[in-house]
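Along the sequence shown, the residues carry numbers beginning at 1. Keep in mind the model is a prediction, meaning the values are calculated, not measured. Counting convention: from 1, in listed order, for ligands and their atoms alike.
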Amino acid sequence: MAKYIFVMGGVLSSLGKGIATASIGLLLKSMGYKVVLQKFDPYLNVDPGTMSPFQHGEVFVTDDGAETDLDLGHYERFVDQALSRASSCSAGQVYESVITNERKGIYLGKTVQVIPHVTDEIKRRITAQAEGNDFVISEIGGTVGDIEGLPFLEAIRQLHLDLGNENTLNILLTYVPYIKTAGELKTKPSQHSTYKLREIGIQPDILLCRSEKPFEDEIYAKISLFTNVRKENVINALDVNCVYEIPMNYQKANLPEIICQHFNMKSCPIDLSHWQEFLDNRENSEGTVKIAVCGKYVRHQDAYKSIVEALYHAAARLKKKIIITWVDTERIFDNGDLDKELSGIDCILIPGGFGIRGIDGKIAIAKYARTKNIPLLGICLGMQVMAVEFARNVCKMEQAHSTEFVEDSPDPVIHLMEKQLYRKLTGGSMRLGAYTCKLSEGSLAHKAYDTLEISERHRHRYEFNNDYRQRLMDAGLCLSGVSDDNLLVEILEYPANDFYIGVQFHPEFKSRPHRPHPLFVGLLRAAIKA
Ligand code: GLN
C-alpha cells in the first residue's frame with residue numbers, strides 16, 4: 001500500500017513549498033522508491049491555462065497536455081519523471097466534478113455539502129495515483145488559515161483517520177523570522193501556524209522551518225515544546241544560494257531517515273552525485289555568457305521559470321555563469337535602440353507568448369539577430385516571429401504576419417489550421433502536450449540533439465502555414481523539424497548563421513539540472529563559440 005505525505009505551508013506564502021515537495025520526492029526516489037507528486041491548489045479557477053502569467057507565473061505543460069501550475073515544473077526537474085494531468089488539481093476542478101455529479105443525479109437527491117461530498121472528491125483525487133507507487137506526495141497550495149484551503153485540510157484529516165498514522169505523514173513548512181532589533185529568531189509565527197493546523201485536527205509530524213540564520217539548540221527545543229513535534233523532527237531549512245542545494249541539505253538533516261522511520265520503511269543509501277556535479281560546475285564556473293531574454297512578461301520572471309532554469313542547467317554544463325538581461329519587447333525599438341539595448345549580449349532568446357503586445361519588438365529583435373549573426377533561440381511565439389521576420393525582410397512579403405495579430409494579412413505565414421487532426425485534446429483549440437518531431441539530417445537541430453527523432457511539448461494554437469514552405473526554403477530557411485506525418489513545421493533554422501533556430505514547442509520543460517536541454521546548450525555554446 002502507498003504511503004501518503006502531505007506538505008502544507010504556514011506563516012506566509014512563497015516559502016518554497018513546491019521546492020520542498022520536489023526535494024522530498026527526489027530523496028525518496030533516490031532511495032529506490034516509486035514516488036508520485038501532486039499539487040492541490042485551493043483557487044477556484046478550473047483551468048490554470050487561462051490564468052495570467054503576470055499573476056501566476058508560467059503555465060507548465062505535461063506530456064499528456066495538462067496546463068498546470070509552475071510547481072509541477074519543479075517536481076519534474078527534481079524528480080526527473082514525467083507527471084500527468086492527475087498531478088494537478090484546483091478547488092475549481094473539484095467543485096466542477098461535484099456539481100457535475102449532482103447534475104447527473106449521482107448523489108440521489110441528497111443535500112450536497114462540503115463534507116462529505118467535496119472532501120470525498122478531494123480524497124478520491126489524492127488517492128487516485130496510489131497504485132504502483134510507494135509514496136504519494138501531495139502539496140497543498142496556499143497557507144494554513146486560508147478559507148479556500150479548509151476543504152483540502154479537512155480531507156487530509158479524514159485520510160489520517162481512514163488510513164492511520166503509519167500510512168500518512170504531515171509536513172508543515174513554516175518561517176522563523178530573524179528580528180534584527182531583538183537580535184533573535186522568533187518562533188511564534190511557527191507556533192501559531194501549528195495551532196491553526198491542530199484546530200483543524202491535523203498534528204504535523206515534521207516541521208521544515210525556513211530561516212535566514214541557523215538555529216541554536218534551544219530554538220529546536222522551543223519549537224518542539226510548543227508545536228508538539230519531536231525535536232529531531234524539527235528541521236532548520238536555511239536559506240540557500242541555489243534551490244538545487246536543498247535536497248542535500250534535507251539529506252544532511254536526516255529527513256529521508258525520519259520519513260522512513262515514521263512509515264517503518266527501510267532507509268536506503270542515497271546517491272546524489274549527479275546533482276553535486278551540477279552544483280560544482282555552477283560553483284566553479286569560469287567566465288560568463290550573457291543572454292537577452294526578450295519577451296513581454298519580463299517584469300514577472302516567474303512567467304519564464306522553466307526557461308530560466310533551463311538556462312542555468314545549460315550554463316552549468318558549459319561551466320559558465322549565465323547573466324540574463326530582460327528586454328521588454330513592448331517597447332518598439334528601432335535598430336539604434338537595439339544596438340544599445342543588446343550591447344555586449346552573446347545570445348538572444350525569444351520566448352513564447354500570447355497577444356499582440358510586444359510583437360513588433362520581437363520581430364525587430366529576430367531581424368537584428370539574423371542580420372548580425374547573433375545566436376538566437378525562438379520558442380513557440382518566438383519561432384513564429386522568426387518566420388514572419390524572414391518572410392517580410394528576406395522574401396519581401398512586407399505585410400507577412402501571423403493571423404493571430406492580423407487576421408486578413410495578405411501573407412499569413414503563421415495561421416490556424418482549421419481542420420487539423422491534432423486538435424483532438426480537450427481545452428479547445430490549443431495543441432497541447434508531447435508530439436514526435438522528425439529532424440533533417442545534418443541540420444543544426446540534428447547536431448544539437450544528436451538524434452533524428454525527438455518528442456517535445458506544445459502549447460499553442462497557430463501553426464506555420466504550409467503554403468509558404470517552399471518560398472521560405474528557396475530564400476534560405478531550413479525547415480529542419482516536422483511532425484511525424486510531415487503536416488506541421490516544428491523547427492526552422494537559418495543555416496547561414498551560427499545558431500538561429502526557432503521551435504514551435506517548449507524545450508524548456510524537459511531540461512534537468514544534470515541533463516540540460518540540447519537546444520539550450522547549443523545556444524550557449526554558439527554564444528561562447530565553444
Ligand atoms: N500565441 C501563439 C499561438 O497560440 C504562440 C503560443 C506560445 O508561444 N505558447 O500559437
Side-chain angles (χ1 to χ4, degrees), residues 47-54 56-63 65-70 72-73 293-298 300 302-308 310 327 329-330 348-363 365-366 376-389 391 400-407 409 412-420 422-423 425-435 437 456-466 468 481 483 487-492 501-511 517 519:
D47 182 0
T50 58
M51 293 166 80
S52 164
F54 287 117
H56 271 270
E58 156 186 288
V59 173
F60 187 80
V61 181
T62 56
D63 269 346
E67 296 172 276
T68 73
D69 183 89
L70 56 71
L72 262 77
V293 177
C294 310
K296 76 170 180 183
Y297 311 116
V298 290
H300 302 264
D302 265 3
Y304 301 116
K305 191 78 201 158
S306 294
I307 287 181
V308 172
V327 177
T329 50
E330 270 200 61
I348 299 174
L349 191 149
I350 306 180
F354 292 82
I356 193 158
R357 278 159 55 193
I359 270 299
D360 292 329
K362 285 183 187 165
I363 295 172
I365 286 162
L376 169 68
L377 176 61
I379 294 178
C380 209
L381 183 61
M383 174 264 203
Q384 297 174 355
V385 158
M386 288 160 84
V388 168
E389 188 282 319
H401 222 319
S402 160
T403 56
E404 178 176 2
F405 311 117
V406 177
E407 248 178 86
S409 162
V413 284
I414 304 294
H415 71 158
L416 277 181
M417 294 175 97
E418 231 71 73
K419 292 196 194 92
Q420 252 222 55
Y422 291 88
R423 307 265 187 257
L425 291 167
T426 52
S429 51
M430 285 252 221
R431 177 147 73 109
L432 288 166
Y435 287 82
C437 167
E456 295 280 9
R457 296 179 193 173
H458 291 250
R459 178 174 182 252
H460 55 99
R461 282 192 187 86
Y462 293 81
E463 302 281 357
F464 186 95
N465 185 341
N466 289 328
Y468 289 87
S483 58
L487 284 179
L488 301 164
V489 173
E490 308 284 42
I491 306 179
L492 57 81
I501 300 187
V503 293
Q504 188 56 83
F505 46 79
H506 289 273
E508 68 272 24
F509 295 145
K510 292 184 85 169
S511 182
H517 193 285
L519 288 178

Nearest to [atom], what protein heavy atom do you find, and at what distance?
atom: atom 5 (C) of ligand 1; result: Gly353 O, 3.4 Å
atom: atom 10 (O) of ligand 1; result: Tyr462 N, 2.8 Å
atom: atom 4 (O) of ligand 1; result: Arg461 N, 3.0 Å
atom: atom 7 (C) of ligand 1; result: Cys380 SG, 3.0 Å
atom: atom 2 (C) of ligand 1; result: Glu404 OE1, 3.2 Å

Per-atom contacts, ligand 1 versus [X] - under 4.0 Å to a heavy atom:
X: Gly352; answer: 8 (O)
X: His506; answer: 9 (N)
X: Arg459; answer: 6 (C), 7 (C), 9 (N)

> Can you find a pair of side-chain heavy atoms, one from His401 and one from Ile363, that are under 4.5 Å apart?
Replying inline: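 Yes; the side chains approach each other to less than 4.5 Å.
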> Side chains of Gln504 and Leu488: does their closest heavy-atom pair fall under 4.5 Å?
Replying inline: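 Gln504 does not reach Leu488 side chain to side chain.
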> Shortest non-hydrogen contact from Tyr304 to Tyr297?
Replying inline: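 Closest approach of Tyr304 to Tyr297: OH-N, 3.0 Å.
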> Does one side chain, of Ser402 or Gln384, offer a donor that lies under 3.5 Å from an acceptor on the other?
Replying inline: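 No, Gln384 and Ser402 have no side-chain donor paired with an acceptor closer than 3.5 Å.
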> With a 3.5 Å cut-off and no angle check, do the side chains of Glu456 and His517 form a donor-acceptor pair?
Replying inline: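 Indeed, the side chains of Glu456 and His517 share at least one donor-acceptor pair under 3.5 Å.
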> Would His506 and Val61 satisfy side chain to side chain contact (heavy atoms under 4.5 Å, CB included), going step by step from the backbone distance to the final call?
Replying inline: CA-CA 9 Å; His506 289 273; Val61 181; 5.8 Å; no
>> Assess the residue pair Phe354 and Leu381 against the criterion (side chain to side chain contact (heavy atoms under 4.5 Å, CB included)); give the C-alpha distance rounded to whole Å, side-chain angles, the decisive distance to 0.1 Å, and a yes or no.
In response: CA-CA 7 Å; Phe354 292 82; Leu381 183 61; over 6 Å; no
>> Regarding ligand 1, does Leu381 bring an N or O atom to under 3.5 Å of one of the ligand's N or O atoms?
In response: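 N/O-N/O distance under 3.5 Å: yes.
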>> Please determine whether any non-hydrogen atom of Gln384 lies less than 4.0 Å from an atom of ligand 1.
In response: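 Contact present.
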